[in-house]
2 protein chains.
Amino acid sequence: MNQKDSVCQQKLMVTRDAVEVIQGKWRLPIVLALTFGSKRFGELQRDIADISPKMLSQELKALEENKIITRTMYDSMPVIVEYSLTPLGKSMNKMLEELLKWGVHFREEILGKQAVAKRS
Amino acid sequence: MNQKDSVCQQKLMVTRDAVEVIQGKWRLPIVLALTFGSKRFGELQRDIADISPKMLSQELKALEENKIITRTMYDSMPVIVEYSLTPLGKSMNKMLEELLKWGVHFREEILGKQAVAKRS
DNA sequence: GTAAGTAGTTACCCACAAGTAAGTACAAAC
DNA sequence: GTTTGTACTTACTTGTGGGTAACTACTTAC
């Protein structure tokens, strides 16, 4: 079977799209932080270790463009902005679990049968 | 819930490990090409559109280090080298399927309900 | 009036991922 | 002896992901 076969090519493209959404240093931590409910900019910045406001703002924009999260502004007096997962964002759950599962398996093989991240 | 919580941190690290293995421009195409059986260097180069020998060699090495593929040299007279998935490499299947599934869902949401890559 | 808290933006820099082009080394075929 | 086919390697360049530091704008509290 050949990679240039069109069905195969399309599968590759679609899988690549999925990887793109979660790739990079910060997308995964942001999505994970929001699985526990909506959060404000400052909260996210405090929860995610070492992220700069520039990167947080940039990645939030990218995730919003991909319809993974929504941004809601409240006209309260200290202006408040809340980010939360869309249904599409929430639907990543199973995929992320599969990644975690395989990641555990991978660690065991690579690091020589040491159990990591066994509990939820 | 906080990202700095250690269990959560560990989950993040492990998931990130999984993403790292398939991230970059060429790892996914290489792994997919090898799911159809072992292949030689030249075959891979022909099957994967636009990959240069440098990138192919480099990514094959990385995948070998991660125990995703094995490299086998045959002492035949035009020296022949075969690459194939290890059991660990084959175990990526379910994860990749989940990525594809979500990717299809993602495309539908983003591109407005157009069905893509419906068949295997 | 100055500090602190809200939510960012802007400018500059660097390291690394990836691309390009050419070269290496060996043998078989013609 | 030159081309073809095997499987790469090396040197150089470019593009982008990400980091740092400082700045913006608005309000409340002291």
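In what follows, every chain begins at residue 1, and chains take the letters A, B, ... in the order their sequences are listed.
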Give the first and the last nucleotide of DNA chain C, reading 5' to 3', that has any atom under 4.0 Å from a heavy atom of chain A. C:dT6 to C:dA11
Does [X] use its side chain to pair, donor to acceptor, with the backbone of [Y] at less than 3.5 Å?
X     : Y     : value
A:S57 : A:P53 : no
A:R16 : B:K25 : yes
A:R27 : A:E20 : yes

Could you tell me how the ring of B:F106 sits relative to the ring of B:W102: parallel (under 30°), tilted (30 to 60°) or perpendicular (over 60°)?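 Rings of B:F106 and B:W102: parallel, as their planes differ by under 30°.
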Salt bridge flag under 4.0 Å for residues A:R46 and A:E43: no
Are any of the side-chain nitrogens in A:K101 or A:E98 under 4.0 Å away from the carboxylate oxygens of its partner? yes
Assigning hydrophobic clusters by single linkage (Ile, Leu, Val, Met, Phe, Trp, Tyr; side-chain heavy-atom cutoff under 4.5 Å), is B:I80 placed with B:L56?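 B:I80 does not cluster with B:L56.
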Spell out, yes or no, whether A:V19 and B:M95 are grouped together once hydrophobic residues are joined by side-chain heavy atoms under 4.5 Å, including indirect joins. yes
Strictly by Watson-Crick or wobble contacts shorter than 3.5 Å, is anything paired with D:dC30, and which nucleotide is it? C:dG1
At under 4.0 Å between heavy atoms, which parts of nucleotides 5-17 of chain D does protein reach? Answer with one letter per nucleotide, 5' to 3': B base, S sugar-phosphate only, - none. -SSBBBB------
